[in-house]
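Indexing begins at 1, ligand by ligand and atom by atom, following the structure's order. Fair warning: this is a prediction, and the values are worked out from it, not measured in the lab.
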Amino acid sequence: MSEKSNIFFYKNVLENIPLGLMIFDFNSKKIIEANQTSKELLGYSENELKDLTLYDIEKGDRKELDELINKLEENYSFDKETILIKKDKSEYLVSAKIFISEHLENKVIVYFLEEYSRKRSLLKHLPYIDDLPEMILENLPIAFYTSESPSLSDATWISDNIRKITGYDKEQFIKIPKFWESNLHPDERENIKKLYRAGLKQPYNEITYRFKTASGNYIWLSDRYLVKEIDKEGRKIIVGAVLDISMEKIAEIALKESESKFQTLVKNLPGVVYRCEIDYPWQMFFISPEIENLCGIKPEEFINGTVKYADIILPEDIDYVIKEVKKGIEEKHSFKLEYRVKNKNGSIHYIYEKGRALYDKNGTPLFLDGVIIDITESKLMEIKLKEKEEKLSNLIENMQEGYYRSTPDGHFLEVNNALVKILGYSSKEELMKVYIPLDLYFDPSEREDAEKENINFIPNLEVYRLKKKDGTEVWIEEHARYIRDENGNILYHEGICRDVTERIIAERELRKAKEKAEEASRVKTNFLANMSHELRTPLVGILGFSEILSKESDNPEVRQFAEYIHNSGMRLLETVNLILDISKIESDKLYVSLKRSDVLPLIDEIVNLFSIAAKNKNLYLKKETRLKSLFIKYDEILLRSAISNLVNNAIKFTEKGGVIISADVEEKDGNKYALIKVIDTGIGIPKESKNLIFEEFRQVSEGPSRGFEGSGLGLTITKRFVEKMNGTVEVESELGKGSIFTLRFPYTGKVQFIEKLVEEEKEEVVYEVEAVQKGKQLPTILLVEDDDASIQIVKEYLKDMCNVDVALRAESCLEKIKHYKYPMILMDINLGRGMNGSEATKIIRKMPEYKDIPIIAITAFAMVGDREEFIEAGCTDYISKPFTKKVFNKLIKEYLDKIQNT
Ligand code: ADP
């Protein structure tokens, strides 16, 4: 190969190496030569470059540059980082190798500029450049060779640089046979040779291999060579450049390693990482496999362009994504996005994306790098939560109840419109500004008190008052609670409240009304109790004397009239008793003393009591039972009164037939009951009145046209009495045929039947007081009584049994008994002025000689429950006013007999 063709070749190489090469005149600093790479680097054309100097191209102070170049003369070559100014005035950092040389007899400055961005084949074009000294080439990290066969083994010429690279002289390659081959890495020796042979068939090749240097290390060499046919016989010339690429190779291996590390990392990332084009529709260069889980599309499809990233974004969100990404790129900061993508299977995923653009040295964005994370789950939760929150706040806003949240020190955090209305404010904003303790309470201490009470709060309901904006009072009923942090400190109060002012006012009124009613009822009860006394006392006279007259008058007409008076008096007494009983029930002063005893004797007694009344109407009245006895727990007075009321009604409402009182035991649902029935054959009760008749003052026929007399109280009292004894009253009836009133009591005892059901003998029992045997001295008893008529009646009744001494007042009674020891005392309880009968009895009982004598209370306070009081005071027995001779004499005789027998 001639010298000329050598030069020609070098020029070509230099024109195309990926290094910028510029040559300046040493004195004028004008550009003499610039290779293709440097022209591209600076953006100038061949012509434009001609007029430029070093000062136009390199940034920096002229003086400094000159100094530097002057230094170069001495030091020969120099490396530095410098900034070049491009045609468009942008700056470009390069590393430059600068040295001084001779060129066509001129002193020149040579700049080698390192440029990375382009990859070009070394020997692509062959434009013409003349004469370039070999020296220049010596400074390149490249060894060139020409050869007859590929590789350095048959080289005809090798540049001196080979020594720098391999440590061997070029002569060793040229002269020692197989020198090159012997230094190839044994593992790849054969393969490399094969590659070179194959390379002969194509004009340009690049082969990389390992080569053992003089120091014994292997380095990586890259051999880029051109194959040219030089004559018609097919002779070929090979021109090659050998570069030491060990550093790059090591870097590449390291990169591969770190890349594979990076790839495992990427694979395991919970999200997707990507690198893509900067513009819509974002063609992917790389996207990690996780993308398939997100959208059902394989990463390859994105990378080979079948699918663009924009295709999976929901159309509604695409504008937003474009805008945000663009903004991020322009403002050179990372972008964070939330949008939706669709999966092939139709599902929609919410994603979070964070990415940023990467820029080249000019600031031109090259591509986007980023991470995509599927946040569907949390997003859906967030949406649900938001919906819930919205619903809740909607609810709160629209509910009729007031709602608030406030701080413990008394400021609102939240209020709703209802509360604004309740408190009379004009807007939420206005209410939010209030200081609760001062603006909403009449006295701040009310809030503190409430707080103290509620400090260990369980959510509860409270009613309290607040001050409205206009200063008036509003009553609030509130469900409140304290919200606390994990340490138990109160964060805020929360409550739902209602305006209950109207209710509170109504309650106040009601309370007042109730108090009034109670007062009225007390007055009524007192009135009735007093009336009882007032009515009963005169009745003693009326009944007593009319009875005497009806029996003892010689004039039959008088006897008849007296009987009328007696009957009317009896009716009046009955009514008075009923009114008293009901008032007693109402004032809750009904004392009940339940004792277990047989009711059959009580029934007998009642049959006897009413036998005359029945007989008078030509009705039968009898007891019917198959039982020997019927023991139940009852109060004798109450039950007698209840049955008597029923029998009384039965006789009253029956014209034909009669009345039966039956006693039996019934088993129902596993329970036993004692049944006492009053069965009549009377007028019956209409269905619709069955419940009504148990109400106070109610009768089947009411008003002026009612057919029967009565107060309408009997059944009411009966029912209440029976209930007090744990029983019930039922009624069955058929109009025109009769009625059955049934009293039902719980029954626990054994049932004993009489052998044979015997018809009760309807024998009339009359308690006539037996005349006291003549000739025997009558005892003298003491009557303490202030009512004259009563004194006369008692004296008249007892005239054949005993003498009656009288004390008008308790005080005189106490005086009298000191002087004479009476065997029996009849004590009226209400004695008008001074001490009453109970008090006197208590005193008498303390006297040893009067410890055991019978003291019989006589009273017009014949209200149920009173007798306990008399018995407690020390009375032996009691009889209520008015009384019939029969009953009175029977009682007195009983005690007189006892005295006489002891
Ligand atoms: P009264 O004093 O009017 O009898 P009651 O409370 O004893 O009051 O009875 C209320 C009403 O029930 C009576 O007025 C009568 O209409 C009806 N009544 C009660 N017992 C009978 C009965 N055995 N037969 C028919 N009607 C009766």
Problem set entry | Any N/O pair I685/ligand 1 closer than 3.5 Å |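 No: no nitrogen or oxygen of I685 is under 3.5 Å from one in ligand 1.
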Problem set entry | Any N or O of K652 closer than 3.5 Å to N or O of ligand 1 |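 Yes, K652 has an N/O under 3.5 Å of an N/O on ligand 1.
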For this session: Would you check if there is a donor-acceptor pair between the side chains of T718 and N645 at a distance under 3.5 Å?
Result: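 Yes, T718 and N645 have a side-chain donor paired with an acceptor closer than 3.5 Å.
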Donor-acceptor check, side chain of [X] to backbone of [Y], threshold 3.5 angstrom: yes or no?
{"X": "K617", "Y": "T654", "value": "yes"}
{"X": "R845", "Y": "Y850", "value": "yes"}
{"X": "S644", "Y": "R640", "value": "yes"}

Exercise. Going by heavy atoms, is S739 under 4.0 Å from ligand 1?
Worked result: yes
For this session: Consider ligand 1: state whether an atom of it lies below 4.0 angstrom from any non-hydrogen atom of F741.
Result: yes
For this session: List every atom of ligand 1 that sits less than 4.0 Å from any heavy atom of G714, numbering the atoms from 1 in the order shown and giving each element.
Result: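 Taking each heavy atom of G714 in turn, ligand 1 has 5 (P), 6 (O), 7 (O), 8 (O) under 4.0 Å.
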Problem set entry | Ligand-residue contact atoms, ligand 1 with L713, heavy atoms, under 4.0 Å |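 Those of ligand 1 that fall under 4.0 Å from L713 are 6 (O), 8 (O).
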For this session: Before accepting this row, confirm whether a basic side-chain N of the pair D635/K724 lies closer than 4.0 Å to the acidic partner's carboxylate O.
Result: no
Exercise. Do NZ/NE/NH1/NH2 and the carboxylate oxygens of K719 and E723 come within less than 4.0 Å?
Worked result: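 So K719 pairs with E723 through a salt bridge.
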Problem set entry | Among L715, T681, V678, closest by any non-hydrogen atom to atom 5 (P) of ligand 1 | L715
